[in-house]
Every structure is written in C-alpha cells, then in structure tokens.
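In this text, all values refer to a predicted model and were calculated from it rather than measured experimentally. All chains are named by letter (A, B, ...) in the order of the sequence lines, taking the proteins before the strands, and each is independently numbered beginning at 1.
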Amino acid sequence: MGYKNIVVSNVDKAFKMLKDLAVNVTLSSVRDSGFDFSTNAPSTIVTTSKVILAVPMSKKRQPGKDPATALQHSFLFKAKDLPDPTIYDTISVIGGETWKIVQPYDNDGYVVTVNVVRNA
Amino acid sequence: MGKYASLHSDVYSVFAQAGWTAENIKTIPANYSTLNLGNEFIRVNIIPTGHLANVGISHSLSGLLILDIFVSAGNGLNRLSVIADKLDTYLVKKTIATTLGGNTQFSESSLNPIGLDSANSSLYRGNYSINFNYFGN
C-alpha cells in the first residue's frame, strides 16, 4: 500500500474514532445562469445540496471587526468527500445553524478546513 | 420611486435591452456573486457623487458609472477597446428615462487599462467610466 493510501486510510479511521464529534452537515449551493437587468434578479436559479460528515472546530467572535456580531467558525472534512468547497455557498448543521462559506479554505489533499461565518 | 432607485432603473435598462444582450458579453452588477463568468465579463458600478448644484431640481444627482471590463490576460488591449466602443454606442450622450419624471443623461467616456486582476491573474481588467447627471422630480 502506498503512503497516500495509508494516510487516507488513517483519516477514515480518525473520523470513525471521533464518533459523535463528527456530524453530518448539509452543504448547499445556489447557482444562476446570469443576471437579468430587466428584472434585477438572477436569470435562473439552481440549488444543489449534499450531506457530508464534518468535524465542527472552534467558534469565535472578534471584537473590533465589522460587523461586530459576526461569528467565525470552521469545519473539517475528508478531502475525498469535499475536494472543492468553493462550489458550495453554505453549511447547515442538521437541526442547527446555517453558516456562509468564506475564503480561504485549506486542502492538504487529505483533510479540508472550510471557514464559515454568520451573524449572531 | 426614490432618486437612487430611479437612477439604477435607468442604468440597468441599458443592459436589459435586446441590443446589449445580443452583444453576448456577460454583465453583472456590483455586489453580485456568481461562478459562471468565464473569461470575459463586465461589472456595473453606479457611483452617485453628489447633488447637482445650480440646478433648480431637488432630486438630482451627479456621478460616475464605472464598468469594470474583464478580458482574457495576455491577448493585448484590442478586445478591451472593442468592448469600450460597443459601450459608447449605448451610453455616450444618451438620455435614459425609465421612471415618470426622471431621466439620466450620460456625457463622454474614458477607458483606463488597469492590469491583471488581483483575484484572478488569467483576467485583465480595464475601467470604462462615464459621467452622468440624474434629474428627478
């Protein structure tokens, strides 16, 4: 077994060992075919979503930042489950809050850290 | 309708008309997010800068319409100029009135090549700007 497969296998094991510390979240995206200036709205909207296992990381609020009430959070995913987080707009924790995905994100090929914000 | 909404209505109507959509240049307003922009598109920024002085109309505005033109990087400036010339045919010296009692008048334009886009270096950005005066009632 090559090193890459060993690491991927260990990432799978780590997520399993986390048990209920890892939760299913819903990633959603809203895509349009352009902006219609006659209606002042997107031309057509297509919404897609996907449920993926994620590990919620720490939440924080930074005083002095504008808006002052913005909460910052991040989620950890397996890279094979989420190779490109930029195609999604929001992350919803089932039964909980909805967070907006913001840049940057970090993908080392094995795990992906996605940063999110929401107003509180 | 207030003066700012009326101004937006006038400007947006330029990009809603069949002639402009037939040019097939993707156009979006400022503060609009989408992934389907490709290698060539225009972003519309309406910047009211103040009230028209010495004009006996209370609901008036002067300002600048700035269109960020994005073209493929590395292919020279010709396409930027072609797009700017197309915009001239729709804007320069034109008067647009989409709401009752108000109208927007455009003057002359200018084109300023900026450089590679800081967020996406496969795109080259130029600024097309044109002054406007909005007269309301």
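For A/Asp106 and A/Thr113, the side-chain atoms include no donor-acceptor pair closer than 3.5 Å.
Between A/Phe37 and A/Phe35, a ring centre-to-centre spacing shorter than 6.0 Å is recorded.
B/Phe15 touches chain A through backbone and side chain together, each having a heavy atom under 4.5 Å away. Looking at B/Thr98, there are no atoms closer than 4.5 Å to chain A (heavy atoms on both sides), in backbone or side chain. With a 4.5 Å cut-off on non-hydrogen atoms, B/Val44 touches chain A through its side chain but not through its backbone.
Aromatic ring pairs are classed by plane angle as parallel below 30°, tilted from 30° to 60° and perpendicular above 60°; the pair A/Phe75 and A/Trp99 is perpendicular.
Ranked by heavy-atom pairs under 4.5 Å with chain B, the first of A/Asn40, A/Asp36, A/Thr39 is A/Asn40.
The other members of the hydrophobic cluster of B/Ile47, by chain and number, are B/Leu64, B/Ile66 (side-chain heavy atoms under 4.5 Å, ILVMFWY only).
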